[in-house]
Amino acid sequence: MGNSAGRSDFEWVYSDQPHTQRRKEMLAKYPAIKALMRPDPHIKWTVLGLVLVQFLACWLVKGLSWRWLLFWAYAFGGCINHSLTLAIHDISHNTAFGTNFASRNRWFAIFANLPIGVPYATSFKKYHVDHHRYLAGDGLDVDIPTNFEGWFFCTPARKLLWLALQPFFYSLRPLYVNPKAVTRMEILNTLVQLAVNLTIFALWGIKPVIYLLGGTFLGLGLHPISGHFVAEHYLFMKGHETYSYYGPLNWITFNAGYHMEHHDFPSIPGCYLPLVRKIAPEYYDHLPQHHSWVKVLWDFVFEDFLGPYARVKRTYKLAEDRL
């Protein structure tokens, strides 16, 4: 069934992730970059606006037919909910209130989570730390697909299905690859989310709830913005495990496309990442980059060398010690 075409394993490497050394070099050469490690002054208001727009949309869609409800969930709600997940990503690096107010950042991420419909923010932060600290780490970085995903989703039709099911794989994969104990904040995140979902249902019925959940699962699945999932770390070119995208979709995704810059400096908010490239262009302009997230998705589906296996993997001592 599996492996009818393309790769049969991950790209195993035996070197450290490149971003740690790049960070040291760039800070030594351009100490002004440190000044960008400060909170984003606008993200609080942007997130507030997006959340309020989605709650207004809940009121507007309550009388729509199911056909139009699903259309607007994909075309409008999907864009906003996906944008909110990327706001949560930025907030997970304490960019809303700064590192001295970690608790405020955690609660604000839970607020940004409300239109998404699924309690996500706290669990994301718990695992995202490992994605940066142990990039491509076997058994540590849950951004890496499982062996089953690589083996089974290897033909164009199956890769298309895999893209459509991305929200399910991203939410379930950590439980298999690197299970961790449930935290108090995760329980609170869940209780707050359930309370809001039930309130929306009590006020306006089931359709607004379906609109929000549909926007999340459609917007994070086979959707143009979802190209960033593949664009960031899949091996479009051998020897390069992180890529940036500098196109217009950055305007609605908190500059998520500046991914090379983000891994070089995770504590710099998305709004300042273009300045990193401007300060140190020789570290970025020569690197391979993406120009279209839609083309990224197209190539992922139809190019044999691309698929869930097209990722770098490395072993960290921490993972070996746990065995």
Side-chain angles (χ1 to χ4, degrees), residues 16-48 83-113 120-137 140-143 180 183 185 228-229 231-233 241-246 250-285 287 289 316 318:
D16 292 334
Q17 62 154 300
H19 300 285
T20 304
Q21 183 59 34
R22 285 172 55 86
R23 186 180 309 122
K24 291 178 181 177
E25 290 181 11
M26 292 173 69
L27 286 175
K29 187 174 183 179
Y30 299 108
I33 290 176
K34 290 183 180 179
L36 303 177
M37 299 176 185
R38 61 184 190 268
D40 180 343
H42 306 297
I43 194 170
K44 295 184 287 293
W45 310 112
T46 304
V47 167
L48 175 63
S83 183
L84 284 169
T85 67
L86 293 168
I88 290 169
H89 163 260
D90 228 33
I91 297 164
S92 74
H93 292 282
N94 296 318
T95 59
F97 296 96
T99 55
N100 292 329
F101 301 97
S103 180
R104 293 184 190 179
N105 286 290
R106 286 195 291 268
W107 279 107
F108 189 63
I110 290 174
F111 173 75
N113 196 150
Y120 151 86
T122 305
S123 298
F124 173 81
K125 179 178 175 65
K126 181 171 72 173
Y127 283 101
H128 190 63
V129 171
D130 289 343
H131 173 61
H132 281 275
R133 185 177 297 158
Y134 308 114
L135 181 63
L140 295 170
D141 184 357
V142 298
D143 191 61
K180 297 184 179 184
T183 66
M185 283 300 296
H228 80 87
F229 287 128
E232 291 166 356
H233 294 293
E241 59 181 294
T242 307
Y243 303 78
S244 284
Y245 155 81
Y246 301 120
N250 279 302
W251 300 341
I252 59 172
T253 58
F254 298 89
N255 282 334
Y258 286 77
H259 210 65
M260 192 74 182
E261 293 84 346
H262 172 62
H263 271 269
D264 286 342
F265 301 99
S267 59
I268 295 180
C271 67
Y272 297 133
L273 290 177
L275 294 178
V276 174
R277 185 189 180 203
K278 185 177 181 180
I279 291 170
E282 72 274 23
Y283 283 89
Y284 298 103
D285 289 351
L287 297 175
Q289 58 188 247
Y316 287 85
L318 174 66

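For clarity, every value in this text was computed on a predicted model and none was experimentally measured. No hydrogens, no waters, no symmetry mates; every other heavy atom, side chains included, goes into these values.
Listed for the Asp90 side chain is no donor-acceptor partner under 3.5 Å among the backbone atoms of Pro269. When atom types are taken as modelled, the side chain of Asn255 and the backbone of Gly270 share a donor-acceptor pair closer than 3.5 angstrom. Ser267 places no side-chain N or O within donor-acceptor distance of the main-chain N or O of Met37, the cut-off being under 3.5 Å. With Ser83 contributing its side chain and Ile252 its backbone, the two residues share a donor-acceptor pair below 3.5 Å. Without hydrogens or angle criteria, Asp40 side chain to Thr95 main chain gives no donor-acceptor distance under 3.5 Å. Checking side-chain atoms of Tyr316 against main-chain N and O of Leu135 turns up a donor-acceptor pair under 3.5 Å. The main-chain N or O of Leu27 is never found under 3.5 Å from a side-chain atom of Lys34 such that the two would form a donor-acceptor pair. Under a 3.5 Å cut-off, the side chain of Asn113 and the backbone N or O of Ala121 do form a donor-acceptor pair. For the pair Asn105 (side chain) and Gly98 (backbone), a donor-acceptor distance under 3.5 Å is present.
Closest approach of Asp130 and Leu140 over heavy atoms only: CB-O, 3.6 Å. Contact between Ser92 and Phe124 at its shortest, heavy atoms only, is OG-CE2, 3.7 Å. Heavy atoms only, all atoms of each residue included: Cys271 and Pro274 are closest at O-CD, 3.8 Å. The two residues Ala96 and Phe108 have their closest heavy-atom pair at CB-CD2, 4.0 Å. Closest approach of Arg22 to Tyr283, counting heavy atoms only: NH2-O, 3.0 Å. Residues Pro41 and Lys44 approach most closely at O-NZ, 4.4 Å, considering heavy atoms.
Atom-to-atom distance recorded for Asp143:CG and Tyr127:OH is 13.5 Å, nearest 0.5 angstrom. Rounded to the nearest 0.5 angstrom, Tyr258 OH and Glu232 CD are separated by 14.5 Å. Rounded to the nearest 0.5 angstrom, Thr122 OG1 and Lys126 NZ are separated by 9.0 Å. A distance of 12.0 Å separates CD1 of Ile88 from NZ of Lys125, quoted to the nearest 0.5 Å. Here the CG atom belonging to Asn94 is positioned 11.0 Å from the CZ atom belonging to Phe101, to the nearest 0.5 angstrom. Between atom CE of residue Met260 and atom OH of residue Tyr243 there is a gap of 10.0 Å, rounded to the nearest 0.5 Å.
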Next on the checklist: Using side chain to side chain contact (heavy atoms under 4.5 Å, CB included), reason through Tyr134 and Gln17 one step at a time and then give a plain yes or no.
Outcome noted: CA-CA 8 Å; Tyr134 308 114; Gln17 62 154 300; over 6 Å; no
Item to check | side chain to side chain contact (heavy atoms under 4.5 Å, CB included) assessment of Tyr272 paired with Arg38 | outcome: CA-CA 9 Å; Tyr272 297 133; Arg38 61 184 190 268; 3.4 Å; yes
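His131 and His263 share a donor-acceptor pair across their side chains, judged by distance under 3.5 Å alone. His132 and His19 form no side-chain donor-acceptor contact under 3.5 Å, judged by distance and modelled atom types alone. Using a 3.5 Å distance cut-off with no hydrogens or angles, the side chains of His233 and His259 do pair a donor with an acceptor. No hydrogens or angles considered: nothing links the side chains of His228 and Thr253 as a donor-acceptor pair under 3.5 Å.
Between His262 and Leu273, the closest side-chain pair of non-hydrogen atoms falls below 4.5 Å. Contact check for Ile268 versus Leu275: no side-chain heavy atoms found under the 4.5 Å cut-off. With a 4.5 Å cut-off on side-chain heavy atoms, His89 and Phe254 do not count as touching. With a 4.5 Å cut-off on side-chain heavy atoms, Tyr120 and Thr85 count as touching. Counting only heavy atoms from C-beta outward, the side chains of Pro266 and Arg133 never approach each other to under 4.5 Å.
Of the options Met26, Arg277, Glu25, a side chain to side chain contact (heavy atoms under 4.5 Å, CB included) to Asp264 is made by Met26 and by none of the others.
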